[in-house]
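Quick notes on the structure that follows.
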Protein chains: 2
Amino acid sequence: MKDARPCSIARTLALVGEKYSLLVLREVSLGATRFDQLVRNTGAPRDVLTTRLKRLVDAGLLEKVAYSEKPPRFEYRPTRAGLELEPVLLTLMAWGDRHLIDGDRPMVLEHFGGRAHPGGHVTGHELVPVVTCAECGEEVRHDDLTAHPQTPGWTVTGPAAVREHDGRSAR
Amino acid sequence: MKDARPCSIARTLALVGEKYSLLVLREVSLGATRFDQLVRNTGAPRDVLTTRLKRLVDAGLLEKVAYSEKPPRFEYRPTRAGLELEPVLLTLMAWGDRHLIDGDRPMVLEHFGGRAHPGGHVTGHELVPVVTCAECGEEVRHDDLTAHPQTPGWTVTGPAAVREHDGRSAR
DNA sequence: TTAGTGGGTTGGAAATCCGAACCCACCTTC
DNA sequence: GAAGGTGGGTTCGGATTTCCAACCCACTAA
């Protein structure tokens with residue numbers, strides 16, 4: 001990855017884009033925080049898992065917490081930053097559910113939103129994740145976006161073209 | 001990846017989780033659809049890019065459209081399914097902007113939402129992507145989720161644990 | 001004619017991934 | 001107290017992938 005467009009997507013992927021990294025985060029989010037659980041549930045080879053865990057801990061996405069001395073044993077808990085990657089996992093899962101699944105989905109997420117009625121039955125509903133804009137509250141559609149690269153020399157040219165500092169429009 | 005938890009995240013990543021694949025989708029979403037643009041903007045080696053493009057076309061995320069005969073030249077346009085991965089890109093970018101950036105963000109997305117006033121000035125605002133639940137409209141928080149694996153033998157055990165087959169509700 | 005461009009393909013070196021085996025400390029059961 | 005099991009790794013050699021530079025071919029422009 002020599003000199004590509006400077007981009008937060010690329011930088012994030014440099015951190016968690018290696019094989020198994022996001023699956024590890026999925027598992028710790030689900031509560032499987034121990035080494036052998038991670039081996040079983042992600043399918044990663046043990047040595048690969050070791051290096052992934054090291055990397056994620058160093059990056060501050062996981063923390064290594066001892067749950068036993070003698071023998072020293074650790075679990076890997078997601079930090080706040082790690083949990084904040086959950087939206088990525090949710091959108092990946094939603095896409096896979098929509099495009100890759102033949103029959104039933106392999107996992108259903110139940111969402112307890114809408115300020116649970118105090119005292120009443122607390123009932124959830126199925127989660128249907130959608131990306132919206134915090135500013136205006138609307139669902140984000142591709143055609144409503146315009147990209148403004150901040151680095152000179154890395155303009156965009158397509159339908160989402162930037163119309164910068166010169167009267168004529170791009171393309 | 002032998003036998004791991006059956007999961008749409010894993011299946012989606014098996015498709016687009018290889019190095020550069022998501023960057024390719026970023027670029028075609030931005031309008032850079034030609035081979036050498038993709039080489040420049042993603043930083044991928046040309047041969048790797050060739051195999052990635054082949055894979056994405058086969059999977060139906062891109063379509064190869066001729067824009068010149070003699071010599072035959074193609075561009076790679078995102079299909080609807082490909083564009084539907086944009087939420088993944090947006091959440092990755094949002095995370096990187098929040099956690100990885102020292103100074104200014106490398107790219108700002110302008111959102112034209114809220115049903116543009118017909119005739120008036122069409123002004124956008126900065127996009128702040130948030131994952132919400134289409135069912136109840138609320139922002140999705142980790143603690144509001146409960147996972148229900150559908151495959152026997154792949155239960156979850158953590159704070160998002162499943163509470164199956166016993167009447168009491170979660171939380 | 002010479003140079004340049006778009007879109008690849010090829011070859012060898014470098015990095016990564018993989019599975020299995022091994023290790024060690026502890027706990028339990030016979 | 002020997003035998004086996006478990007949790008958490010490390011080490012090994014070999015199989016894949018990735019990388020990068022060089023090359024190729026068809027065409028266009030100067």
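Proteins get letters first, then strands, A, B, ... in listed order; numbering begins at 1 in each.
- Taking only side-chain nitrogens and oxygens, B:Y20 comes nearer than 4.0 Å to OP1 or OP2 of D:dC19.
- Remark: side-chain polar atoms of B:Q37 are paired, donor with acceptor, to backbone N or O of B:T33 under 3.5 angstrom.
- A:E18 has its CD atom 12 Å from the P atom of D:dT18, to the nearest Å.
- For the side-chain contact (heavy atoms from CB on, under 4.5 Å) test, residues two or more places apart in sequence or in another chain that qualify with B:E18 are B:S21, B:R52, B:R55.
- Going from atom CG of B:L49 over to atom P of C:dT9 covers 11 Å, rounded to whole Å.
- Identified under the ring pair (Phe, Tyr, Trp, His ring centres under 6.0 Å) test for residues 48-97 of chain A, with sequence neighbours left out: A:W95-A:H99.
- Across all their heavy atoms, A:V48 and A:Y20 have their closest contact at CG1-CD1, 3.8 Å.
- Linking ILVMFWY side-chain heavy atoms closer than 4.5 Å, directly or via other members, places B:L127 and B:L83 in two distinct hydrophobic clusters.
- Contact between the side-chain N/O atoms of A:K19 and the OP1/OP2 oxygens of D:dT17 is not found at any separation under 4.0 Å.
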A correct 5'-to-3' footprint of nucleotides 4-14 of chain D, with B, S and - meaning base, sugar-phosphate only and no protein heavy atom under 4.0 Å, is ---BBBBBB--
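- A donor-acceptor pair is defined here as one N or O able to donate and one able to accept, closer than 3.5 Å; no such pair exists between the side chain of A:T146 and the backbone of B:E110.
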